[in-house]
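Working notes for the structure below.
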Amino acid sequence: MTSVTSFIPQDPAKRVAPIEKSPGYWAGVFQRFSRDKLAIAAGVIVLLLILMAILAPLVAPMDPYAGRTIRRLRPIGTTGFPLGTDELGRDMLSRLIYGARFSLMMGVTPVIMAFGIGSLIGIVAGYVGGATNTVMMRTIDVFYAFPSVLLAVALSGALGAGIQNALVSLTVVFIPPIARVAEAVTTQVRNRDYVEAARASGANALTIIRVHVLGNVLGPIFVYATGLISVSMILASGLSFLGLGVRPPEPEWGLMLNTLRTAIYTQPYVAALPGAMIFITSISFNVLADGLRNAMDVKV
């Protein structure tokens, strides 16, 4: 027999609304980041710089190493040389385009290497704690006794000039701050309920770190490391300016500033172009890191 209540119309006010599925974490991050117009603009600039560096042989109008003294220090707007020429008559536009390769490599590579090493040190120290934490973090604190600029210059001077030695020096400079952030966030995560539950269930330390810790600490560490790229680019340019980084005749922005410093009174706008590129790139990475930090709601 059919139930009588099945023919009674339901009250619209008492109908249960369908449960809406909440967006995931990364969907929320993308939505928050897409509302930050300044961060999007910075990301576009960074992307264009990366593409310019990758496609330098196709984009550069001339050979960045070929020069003629008869056309040295041409001003901006010269026919055939839209950004002028340097002290040896080489096309500034081509050298700036090729210089993005060295400058981005010198800025990004040390941070990537320091991210891997510093994260490993910080996560192990933060999860294990006790005497291990004390020994590892007090050793890291020794590097904080020296300003980053002086430490980079001292290490590069001791190792000798060259790209490889400059990369090693900058990596050593950025390991301590990344390790400090990794240790701090790992110390917070290791006391969470889900970590205690995994530990009580018999999971070993390696499994807990891989499954429960990494996913919660890599985000803050990554955001912090992204903000260090701008600092790395400035330090790398400073090392090249002092003759401790990229060597002539390679087109690196810091080295170009050094070689053009004597032309500051004759062609100041041409001499300022490498500095302008360093400034624009550093600001773009910095703004992009701030946008990622706000979108991911990370406090470091």
Side-chain angles (χ1 to χ4, degrees), residues 26 29-66 76-77 80-86 90-116 163-164 166-167 170-171 174 222-240 245-246 249-257 260 269-270 272-296:
W26 291 109
V29 170
F30 178 77
Q31 291 177 1
R32 290 189 292 271
F33 184 80
S34 62
R35 291 194 292 265
D36 192 341
K37 305 302 180 185
L38 190 60
I40 291 178
V44 171
I45 294 175
V46 170
L47 180 61
L48 291 177
L49 289 170
I50 294 174
L51 291 176
M52 182 177 70
I54 295 174
L55 303 176
L58 302 177
V59 177
M62 295 185 182
D63 184 356
Y65 302 98
I76 296 177
F81 304 98
L83 295 182
T85 59
D86 66 0
R90 297 170 294 194
D91 181 45
M92 281 295 296
L93 177 59
S94 300
R95 289 186 65 79
L96 289 174
I97 292 174
Y98 272 87
R101 287 185 161 187
F102 291 96
S103 296
L104 289 176
M105 180 190 68
M106 296 288 289
V108 176
T109 304
V111 176
I112 293 177
M113 294 190 295
F115 174 79
I163 297 178
Q164 293 81 2
L167 292 177
L170 293 174
T171 301
F174 293 120
F222 172 77
V223 171
Y224 179 77
T226 304
L228 293 178
I229 295 178
S230 59
V231 181
S232 179
M233 289 199 62
I234 295 174
L235 291 179
S237 299
L239 292 178
S240 297
V246 179
E250 300 297 344
E252 198 271 339
W253 294 338
L255 181 61
M256 292 169 67
L257 274 177
L260 283 168
Y269 297 107
V270 174
L273 288 175
M277 293 299 297
I278 296 172
F279 174 77
I280 293 172
T281 307
S282 301
I283 289 296
S284 298
F285 274 110
N286 207 15
V287 173
L288 179 61
D290 289 340
L292 288 174
R293 182 181 297 111
N294 295 331
M296 298 177 69

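Bear in mind the structure is a predicted one, so any value in this text is a computation, not a measurement.
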Begin with the C-alpha distance, continue with both residues' side-chain angles, and end with the deciding distance and a verdict on side chain to side chain contact (heavy atoms under 4.5 Å, CB included) for I76 and L273. CA-CA 10 Å; I76 296 177; L273 288 175; 4.3 Å; yes
On a heavy-atom basis, which atom in [X] and which in [Y] lie closest, and how many Å separate them?
X	Y	value
P64	R95	O-NH1, 2.8 Å
Y98	P57	OH-CA, 3.2 Å
G80	D91	O-OD1, 4.5 Å
R90	Y65	CD-O, 3.8 Å
P110	T171	CA-OG1, 3.5 Å
L257	G275	CD2-N, 3.6 Å

Would you say W253's side chain and L96's backbone share a donor-acceptor pair under 3.5 angstrom? yes
Under 3.5 Å: donor-acceptor pair, side chain of E250, backbone of E252: no
M52 pairs by side chain to side chain contact (heavy atoms under 4.5 Å, CB included) with which of I50, L48, L49? L49
With sequence neighbours excluded, residues passing side-chain contact (heavy atoms from CB on, under 4.5 Å) with S282: S230, M233, I234, I278
Pairing residues for I112 by the side-chain contact (heavy atoms from CB on, under 4.5 Å) criterion, not counting sequence neighbours: V108
Tell me, yes or no, whether the heavy-atom count around F33 atom CZ, taken from other residues, nucleotides or ligands under 6.0 Å, exceeds 12. yes
